[in-house]
Number of protein chains: 2
Amino acid sequence: MAPDGELRGHAELARTGSFSRAAESCHVSQPSLSQQIQKLERGLGQRLFDRVARRAVLTDAGRLLLERAEAILETVEDAKRCLRDAHQGGHLSIGAIPTIAPYLLPSLSAAGGS
Amino acid sequence: MAPDGELRGHAELARTGSFSRAAESCHVSQPSLSQQIQKLERGLGQRLFDRVARRAVLTDAGRLLLERAEAILETVEDAKRCLRDAHQGGHLSIGAIPTIAPYLLPSLSAAGGS
DNA sequence: AATTCTTACGAACGCCGTAATCATC
DNA sequence: GATGATTACGGCGTTCGTAAGAATT
């Protein structure tokens with residue numbers, strides 16, 4: 001059960017109710033998303049969506065999973081954001097092309113962190 | 001970032017402090033777990049563990065991730081458990097070999113759910 | 001007939017495990 | 001020299017996308 005992939009697909013399909021829309025929202029082909037959902041359903045041993053009249057509607061099991069899936073996706077995003085912020089906040093990365101670096105960097109260092 | 005895999009590896013490595021121990025705990029080879037951690041670190045663009053004196057100790061970033069990872073793993077387990085319970089609780093599955101099914105099932109149906 | 005989902009299929013990518021290399025105690 | 005981690009490498013499984021098929025409106 002991978003947040004990047006199946007769970008994302010599940011959430012998008014639940015939100016849009018359409019394989020096509022969900023697929024493009026996840027930047028994968030429609031058949032791919034179809035496989036992802038089938039894989040989930042197979043892995044869990046039960047249907048997550050009822051395919052009815054060109055629309056996909058959550059089953060009870062699907063709804064149950066959706067709550068957890070959203071929590072997981074949220075936490076994953078939080079982790080990435082959190083780590084990224086900590087990375088940039090922890091130390092300052094200064095970049096400059098070699099040609100001007102020798103002239104620029106010493107004065108910046110001398111000025112110290114503002 | 002997959003709960004089944006990398007995040008599990010991260011948590012186990014954090015817990016044991018040893019690639020070997022964590023690997024067998026995850027039922028994968030040691031090199032595999034090494035790759036998983038490297039993949040995570042590469043993907044996040046920063047180290048998660050300091051390799052020091054044959055021990056792996058969490059960096060600040062690693063500690064930050066660990067909190068989220070544990071939450072994610074917990075939620076994934078909860079989802080599986082929850083879905084499994086709902087599956088068995090929602091409707092009753094009765095199995096019987098064809099030979100005796102015709103004799104057994106009708107009487108059970110007649111008795112109704114207890 | 002047109003749109004949407006599923007099935008089929010071939011290719012590419014990723015992950016695992018074994019083996020070899022490196023480092024540390 | 002022995003233990004533990006990383007690198008190298010080959011094989012297998014998974015996932016993707018394109019193409020074809022089935023179904024519904």
Side-chain angles (χ1 to χ4, degrees), chain A residues 1-59 61-63 65-66 69 72-73 76 79-80, chain B residues 1-59 61-63 65-66 69 72-73 76 79-80:
Chain A
M1 196 154 27
D4 52 329
E6 309 158 355
L7 291 187
R8 178 79 194 285
H10 180 73
E12 282 303 314
L13 180 52
R15 190 175 65 82
T16 63
S18 153
F19 280 80
S20 313
R21 303 288 183 173
E24 71 177 331
S25 183
C26 291
H27 307 295
V28 295
S29 70
Q30 188 193 62
S32 247
L33 188 130
S34 201
Q35 284 182 32
Q36 288 179 8
I37 301 300
Q38 287 174 12
K39 179 173 181 289
L40 259 180
E41 293 180 325
R42 198 177 336 124
L44 294 169
Q46 51 198 312
R47 299 220 117 186
L48 297 172
F49 293 91
D50 282 324
R51 282 76 160 175
V52 54
R54 292 159 165 258
R55 278 195 86 71
V57 296
L58 283 169
T59 62
R63 207 167 358 256
L65 177 59
L66 180 59
I72 292 172
L73 292 169
V76 169
K80 289 182 189 172
Chain B
M1 195 154 26
D4 53 328
E6 309 158 358
L7 290 187
R8 177 78 194 285
H10 180 72
E12 282 303 313
L13 181 52
R15 190 174 65 81
T16 64
S18 154
F19 280 79
S20 313
R21 304 287 183 173
E24 71 176 331
S25 184
C26 292
H27 306 295
V28 296
S29 70
Q30 189 192 63
S32 248
L33 188 129
S34 202
Q35 283 182 33
Q36 288 179 9
I37 301 300
Q38 286 174 14
K39 180 174 180 289
L40 260 180
E41 292 180 327
R42 197 177 337 122
L44 294 168
Q46 52 197 313
R47 299 221 118 186
L48 297 172
F49 293 91
D50 281 324
R51 281 78 159 173
V52 53
R54 293 158 164 261
R55 278 196 85 72
V57 295
L58 283 169
T59 62
R63 206 162 3 251
L65 177 60
L66 180 59
I72 292 171
L73 292 170
V76 169
K80 289 182 189 171

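Keep in mind the model is a prediction, meaning the values are calculated, not measured. By convention in this document, chain letters (A, B, ...) are assigned in the order of the sequence lines, proteins followed by strands, and residues within each chain are numbered from 1.
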Compile the donor-acceptor pairs under 3.5 Å between side chains in residues 15-26 of chain B and protein atoms, sequence neighbours left out, one pair per line.
| unit_1 | atom_1 | unit_2 | atom_2 | d |
| --- | --- | --- | --- | --- |
| B:R15 | NE | B:E12 | OE1 | 3.3 |
| B:R15 | NH2 | B:E12 | OE1 | 2.7 |
| B:T16 | OG1 | B:E12 | O | 3.0 |
| B:T16 | OG1 | B:S18 | N | 3.2 |
| B:T16 | OG1 | B:S18 | O | 3.1 |
| B:S18 | OG | B:S20 | N | 3.3 |
| B:S18 | OG | B:R21 | N | 3.1 |
| B:S20 | OG | B:Q30 | NE2 | 2.6 |
| B:S25 | OG | B:E12 | OE1 | 2.9 |

TODO: Identify the heavy atoms of B:L40 and B:L48 that sit nearest to each other, and give their distance.
DONE: CB-CD1, 3.8 Å
Open item on the list: Would you say that A:L58 contacts A:F49 through its side chain, given a criterion of any heavy-atom pair below 4.5 Å between the two side chains?
Closed with: yes
Atom pairs under 3.5 Å, N or O on each side, protein against nucleotides 19-25 of chain C: can you list them with distances?
| unit_1 | atom_1 | unit_2 | atom_2 | d |
| --- | --- | --- | --- | --- |
| C:dT24 | O2 | B:R54 | NH2 | 2.7 |

- [ ] Nearest 0.5 Å please: distance from the NZ atom of B:K39 over to the CE atom of B:M1.
- [x] 9.5 Å
Open item on the list: Under 4.0 Å, counting only non-hydrogen atoms across every strand here, what does B:S29 touch: a base, just sugar-phosphate, or nothing?
Closed with: base
Open item on the list: Please check: side-chain N/O of B:H10 versus main-chain N/O of B:Q36, any donor-acceptor pairing under 3.5 Å?
Closed with: no
Open item on the list: Quick one, B:R51 and B:I37 - any side-chain contact, counting heavy atoms below 4.5 Å?
Closed with: yes
- [ ] For residues B:T59 and B:E41, determine if any side-chain heavy atom of one lies less than 4.5 Å from a side-chain heavy atom of the other.
- [x] no
Task: Closest heavy-atom pair and its distance - B:A11, B:L66 - done: CA-CD1, 3.8 Å
TODO: Starting at atom CZ of A:R8, determine the distance to atom C1' of D:dC16, rounded to an integer number of angstrom.
DONE: 17 Å
Open item on the list: Expressed as a whole number of angstroms, how long is the span from B:R51:CZ to D:dT6:C1'?
Closed with: 9 Å
TODO: Go through residues 32-40 of chain A and report each residue with a non-hydrogen atom lying under 4.0 Å from DNA chain D, sorted by number.
DONE: A:S32, A:Q35, A:Q36, A:K39
Task: Separation of atom CG in A:L7 from atom P in D:dT15, rounded to whole Å - done: 13 Å
- [ ] Could you check A:R21 against B:V28 and say which one's nearest nucleotide on DNA chain C is further toward the 5' end?
- [x] A:R21
TODO: Work out which heavy atom in B:A79 is nearest to a heavy atom in A:L65; give both atom names and the distance.
DONE: CB-CD1, 4.1 Å
TODO: Grab the CD-P distance between A:E24 and C:dT3 for me, whole Å please.
DONE: 15 Å
Task: Nearest-angstrom distance from the residue atom NE2 of A:H27 to P of D:dG17 - done: 12 Å
Open item on the list: Expressed as a whole number of angstroms, how long is the span from B:E41:CD to D:dA5:P?
Closed with: 14 Å
Open item on the list: Just the rounded figure in Å: distance from C1' of D:dT14 to CE of A:M1.
Closed with: 17 Å
Task: Protein-nucleotide distance (A:R55, atom CZ; D:dA23, atom C1'), rounded to Å - done: 18 Å
